[in-house]
Protein chains: 2
Amino acid sequence: MADAALIQDKTLAAGSETGAPEFGELDGIVGFHLRLAHGAVYRHFTETFVELDLTQKQVSVLWLVGEIPGLAQIEVGTRLRMDRATTMTIVNRLQSRGYLRRERSDSDGRKQALHLTEAGEAALVKAKASIAEHEKWLKSRFTPEESEKLVEMLTRIHE
Amino acid sequence: MADAALIQDKTLAAGSETGAPEFGELDGIVGFHLRLAHGAVYRHFTETFVELDLTQKQVSVLWLVGEIPGLAQIEVGTRLRMDRATTMTIVNRLQSRGYLRRERSDSDGRKQALHLTEAGEAALVKAKASIAEHEKWLKSRFTPEESEKLVEMLTRIHE
DNA sequence: GGATAATTGTATGCTCTACTAACAATCTCG
DNA sequence: CGAGATTGTTAGTAGAGCATACAATTATCC
């Protein structure tokens with residue numbers, strides 16, 4: 001503990017004057033904080049979904065397909081910013097767990113139309129409840145206006 | 001393309017009234033946008049660092065050790081929110097590339113004091129230049145006040 | 001209409017990150 | 001001193017991302 005205090009002192013000497021001294025110059029890098037924030041949210045998500053045993057991507061895919069039945073794999077991947085290979089692995093896993101089924105599209109024989117199974121619908125209902133809980137934890141540190149502003153700024157990054 | 005238009009119409013029918021119709025209900029989830037934004041920044045980072053062949057984590061570790069020579073592995077991991085095993089992997093890679101060296105701490109025989117090699121210093125200089133470029137791209141969509149507000153809000157999430 | 005190009009899904013393999021569990025060396029504290 | 005905590009290490013597992021190659025289907029162009 002005495003050693004940790006020493007290191008902390010070193011940090012203060014090398015760190016920035018404003019705010020947290022923990023990261024030094026890194027403290028001014030937006031991308032750095034975005035990554036740490038993502039990590040923190042990812043960890044809380046994992047804890048929240050340990051019982052359902054679903055990942056962020058899996059929930060997103062279930063959610064999307066639930067809203068737009070018959071959506072093609074390529075569309076799912078495009079909207080969630082995943083390439084075809086990554087989308088495949090996620091859809092494969094959801095299908096093997098009995099949450100999704102693939103159907104050949106009538107209008108386009110290349111496409112796989114995705115649909116939720118009954119088990120998938122049930123899982124999605126539970127997932128949405130867990131998402132609500134998770135979001136509550138996340139939003140607890142912001143006013144409604146701040147949450148809206150945050151979403152708006154994040155959208156500017158990913159759109 | 002006709003099919004894509006059809007799908008887009010379906011989205012509009014199922015999506016939210018406000019803003020982008022691409023994600024439907026998901027559009028209101030802060031964590032969802034945080035993840036997409038992180039992915040976008042991650043991809044741009046990778047493009048920016050393809051020549052240097054460094055990842056976000058690797059740069060963060062170089063940066064931290066550059067600022068605080070002699071920092072112990074456990075401290076690096078704690079500050080960057082990584083466990084010991086993950087920190088090991090990254091330090092191992094940086095060491096095998098000749099950017100870092102380990103030294104037993106004088107004050108605590110359990111700890112490995114980390115130091116940059118000359119090659120590590122040189123890599124860090126280049127990395128900081130690339131980070132500046134990367135940050136410029138990221139911040140280009142915000143006013144200075146917005147950037148500051150964004151960092152502040154992200155910090156509330158990860159601290 | 002038929003050849004060519006583009007799209008979509010699939011399979012394979014690689015990398016990075018993260019986590020768990022176990023173990024050894026070292027330090028702390030009662 | 002001895003029990004427990006800390007730190008580093010190794011090994012194994014898993015998710016996510018990406019690149020490449022191939023087959024089937026569709027779109028485009030001459």
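Remember, predicted model here, so these are calculated numbers, not experimental data. Hydrogens, waters and symmetry mates play no part in the numbers below; they use all other heavy atoms, side chains included. Every chain is numbered from 1, with letters handed out A, B, ... down the list of sequences.
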### Query
Could you write nucleotides 13-21 of chain D as a row of B, S and -, 5' to 3', where a protein heavy atom under 4.0 Å of any base atom gives B, of only sugar-phosphate atoms gives S, and otherwise -?
--SSBBB--
Please table the atom pairs, donor to acceptor, closer than 3.5 Å between any side-chain atom in residues 118-131 of chain A and protein atoms at least two apart or in another chain.
unit_1	atom_1	unit_2	atom_2	d
A:K128	NZ	B:E25	OE1	3.4
A:S130	OG	A:K126	O	3.4

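Panel note: side chain B:E135, backbone A:G31; a donor-acceptor pair is recorded below 3.5 Å. Between the side chain of A:H158 and the main chain of B:H38, no donor-acceptor pair closer than 3.5 Å is present. Between the A:R104 side chain and the A:A113 main chain, no donor and acceptor come within less than 3.5 Å of each other.
Of the charged side-chain nitrogens involved, at least one lies within less than 4.0 Å of a carboxylate oxygen, so that B:E75 and B:R79 count as a salt-bridged pair. By the 4.0 Å N-to-carboxylate-O rule, A:R43 lies too far from A:E47 to be salt-bridged with it. One finds no salt bridge joining A:E159 and B:R141 here, because no Lys/Arg side-chain nitrogen approaches an Asp/Glu carboxylate oxygen to under 4.0 Å.
At C:dT10, one or more side-chain N or O atoms of A:R102 fall inside 4.0 Å of OP1 or OP2 (strictly under the cut-off).
Per the geometry, CZ belonging to B:R104 stands 17 Å off P belonging to D:dT6, to the nearest Å. If you measure from atom CD1 of B:I74 to atom C1' of C:dT28, you get 16 Å, rounded to the nearest angstrom.
Interatomic distance, CG of B:L80 versus CG of A:L26, reported as 7.5 Å (0.5 Å rounding).
Over its length, the helix from C:dG1-D:dC30 to C:dG30-D:dC1 turns its helix axis by 30°, as judged from the five terminal pairs at each end, rounded to 10°.
Of the two residues contacting DNA chain C, namely A:G39 and A:M88, the nearest-nucleotide position lying further toward the 5' end is that of A:M88.
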